[in-house]
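Okay, so here's the structure we're looking at.
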Amino acid sequence: NDLSGTRKITTIRYSPSGQPVLYQPYDSTTNGSEFGTSIAVDDSGAAYVAGVSYPTSTSTEGVLVRYSPAGPIEWVAHYPVYAVHCQVVLDATGSIYLGISDDRDIRVWKLNRQGIVLDSASISGDTTSLSLTALVMALSGDLFVVGNRSWGSSTDNTLPILHIEGEIVKMDAHCHILWESHPAMGMVSAARSDQHGDLAVIDANKVVKYSSDGQLLWHTVNDQTMRLTGLAIDSRSRVIVCGYGLQGTPYNAIAKYDPDGRVLWTDALPNTGSPQIQYWALALDSADNIYVTGNMSDGSPGVGCLTVKVDTSGRRIWETTFVRTIDEVDMGTFISVDDSANVYVGGHSGTTNNWGYLVIKYGQASGSDAVGPIRGIPSSYTLAQNFPNPFNPSTRISFSIGKEGPVSLRVYDVLGREVATLVNENRKPGEYTEKFNGNQMASGVYLYVLKSSEGQLMGRMMMLK
């Protein structure tokens, strides 16, 4: 929103060091508002942003904006159909596919880089309503259109019953429909395709996988204790999901399935006591290591943005928690890993009355399990992974502070009970290393928390006797 309260599509580009090199709002010539819902970037660095425009207070339409590699807007296309959600995706040749859903249908357009329509298709809901969740481009160049189909039914003297099922449509490169399926599942939240052209989709608590020719390969049994939020498929067609659990119930925060749907391993977490952990997104690197992001609350007023790296066998490599101030909520809802294994986290940050966005870049030292300092943020406030880890009976915890003031470094068990205070005094800016001796402690997982005026950071370590 600008100061007048009008919403604008705003695209921001950051340099590798975290400096904003492009801040480009788009506002149509009407008195309405716009907001972006999807972004894609081609090999030249040109960005395509799809969104919804409000020409009047009672109407909407789809909009697609192309930003040149240098940043300025090159062209804008408006699509005068009632728009609820818009998605944009690119194929290997740079062709653009735009999907727009309304209360009834899903429309798909194929465009060239100049915005000229090459092909189009419409998926009709007939007597049902269609919603669009994602456009997924297969390596073959075929397109998956994924969403939901819903309708209501009622009998005399009863309230209407809402029925929901998945909507999966596969199209070729010319937007011709190849097959369509309606899996029995709730609101679809994510979809991914593997190197064979098979497709996996998730709803709140189910995973469904289809072959490239539309055959149902497998689906998981509903786990009502877990809410799935993230989905990925690795180079060997193994499906990985993440999520969070219901209060007071143990749950599998991460689960990995083989290509036939058998569980390979799970990362179970309790959802009782402290800390409370929720995962919202996951990504893979070129070696199929898993990165998840979300939020962690340890009982203090603030909530930290938690990021975790897990290897292909489910072993935790490192984790780190970012908190700007002790009373703010910072949470990751998007994660990506580049070819140099830099990790990018996007999400929300702020307080009840003042919300903004959050972008973090983490670096990883080659050949090391330690997470590097946060880049793009002018601060030397860091907390490293303890070493060695796992440990028996002692380990070292290193940290650095950028401002003089009170500093505390405490160790907690998984129930949130303090078991040791390593630092609780005024410290000057600099780097420090503290030794923790767990000779009197039981084997298990422990959390170490660094607090200062610069915020709160958290790490996790394991003692094995």
Side-chain angles (χ1 to χ4, degrees), residues 8-13 22 24-30 32 34-55 59-102 104-125 130-147 167-180 191-193 197 199:
K8 301 177 181 179
I9 293 176
T10 303
T11 303
I12 304 173
R13 174 183 288 153
L22 167 67
Q24 185 69 62
Y26 167 71
D27 190 10
S28 67
T29 57
T30 68
E34 287 83 25
F35 64 92
T37 59
S38 177
I39 188 169
V41 181
D42 67 18
D43 292 339
S44 72
Y48 300 86
V49 177
V52 177
S53 178
Y54 289 80
S59 64
T60 67
E61 62 184 21
V63 60
L64 182 65
V65 183
R66 174 184 160 103
Y67 297 87
S68 73
I73 294 175
E74 287 191 329
W75 51 259
V76 180
H78 283 257
Y79 299 83
V81 296
Y82 184 74
V84 174
H85 192 70
C86 301
Q87 284 281 319
V88 61
V89 69
L90 308 178
D91 67 12
T93 67
S95 295
I96 309 154
Y97 291 83
L98 175 69
I100 300 177
S101 63
D102 57 22
R104 185 67 60 187
D105 305 320
I106 298 176
R107 294 176 174 85
V108 178
W109 291 267
K110 180 181 180 180
L111 307 94
N112 63 17
R113 298 191 186 199
Q114 291 72 46
I116 297 173
V117 175
L118 303 176
D119 296 294
S120 64
S122 180
I123 305 169
S124 175
L130 291 181
S131 61
L132 175 64
T133 299
L135 299 180
V136 179
M137 182 60 60
L139 291 179
S140 62
D142 294 332
L143 180 72
F144 290 102
V145 182
V146 182
E167 175 74 12
I168 302 176
V169 176
K170 186 175 182 181
M171 297 181 176
D172 65 15
H174 299 289
C175 297
H176 299 143
I177 295 177
L178 301 176
W179 55 262
E180 182 174 358
R192 297 289 186 272
S193 178
L199 182 79

**Thr37 (side chain) donor-acceptor with Cys86 (main chain) under 3.5 angstrom** = yes
**Item:** Leu118 side, atom CG; Cys175 side, atom SG - distance, nearest 0.5 Å
**Value:** 9.0 Å
**Message:** As an exercise, state the distance from NE2 of His78 to CD of Glu61, rounded to the nearest 0.5 Å.
**Reply:** 5.5 Å
**Message:** Looking at every non-hydrogen atom in both residues, tell me the closest pair between Tyr79 and Leu111 and how far apart they are.
**Reply:** OH-CD2, 2.9 Å
**Request:** Mind checking the CG-CD1 spacing from Leu135 to Ile96? Nearest 0.5 Å is all I need.
**Result:** 12.5 Å
**Asked** Going through the checks in order, is the side-chain contact (heavy atoms from CB on, under 4.5 Å) test met by Leu64 and Trp75?
**Response** CA-CA 8 Å; Leu64 182 65; Trp75 51 259; 3.9 Å; yes
**Request:** For the pair Thr11 and Tyr26, evaluate side-chain contact (heavy atoms from CB on, under 4.5 Å) and give the outcome as yes or no after the intermediate values.
**Result:** CA-CA 8 Å; Thr11 303; Tyr26 167 71; over 6 Å; no
**Message:** What I'd like to find out is whether the side chain of Val63 reaches to under 4.5 Å of the side chain of Val76, using heavy atoms alone.
**Reply:** yes
**Request:** Ignoring hydrogens and angles, tell me if any N or O in the side chain of Lys110 forms a donor-acceptor pair with the backbone of Ala173 under 3.5 Å.
**Result:** yes
**Request:** Look at the side chain of Asp105 and the backbone N and O of Gly125, then say whether any donor-acceptor pair between them is shorter than 3.5 Å.
**Result:** yes
**Asked** Could you give the distance from OG (Ser120) to CG (Leu98), rounded to the nearest 0.5 Å?
**Response** 11.0 Å
**Request:** Hey, could you give me the CE/OH distance between Met171 and Tyr97, rounded to the nearest 0.5 Å?
**Result:** 10.0 Å
**Prompt:** Step by step, would you call Leu130 with Ser101 a side-chain contact (heavy atoms from CB on, under 4.5 Å)?
**Reply:** CA-CA 7 Å; Leu130 291 181; Ser101 63; 5.9 Å; no
**Item:** Contact summary for Arg66 and Asp42, nearest pair of heavy atoms
**Value:** NH1-OD2, 3.9 Å
**Item:** Heavy-atom pair of closest approach, residues Ala40 and Leu90
**Value:** CB-CG, 3.9 Å
**Prompt:** Taking all non-hydrogen atoms of both residues, which atom of Gly94 and which atom of Arg113 are closest, and how far apart?
**Reply:** CA-NH2, 3.5 Å
**Fill in**
dist Ser38:OG -> Leu132:CG (nearest 0.5 Å) comes out at 9.0 Å
**Message:** Go through it in stages, so that I can follow the logic: the residues are Val169 and Ile106, the test is side-chain contact (heavy atoms from CB on, under 4.5 Å), and I'd like the CA-CA distance, side-chain angles, deciding distance and then a yes or no.
**Reply:** CA-CA 10 Å; Val169 176; Ile106 298 176; over 6 Å; no
**Minimum-distance pair of heavy atoms, taken over all atoms of Gln24 and Gly71** = OE1-O, 4.1 Å
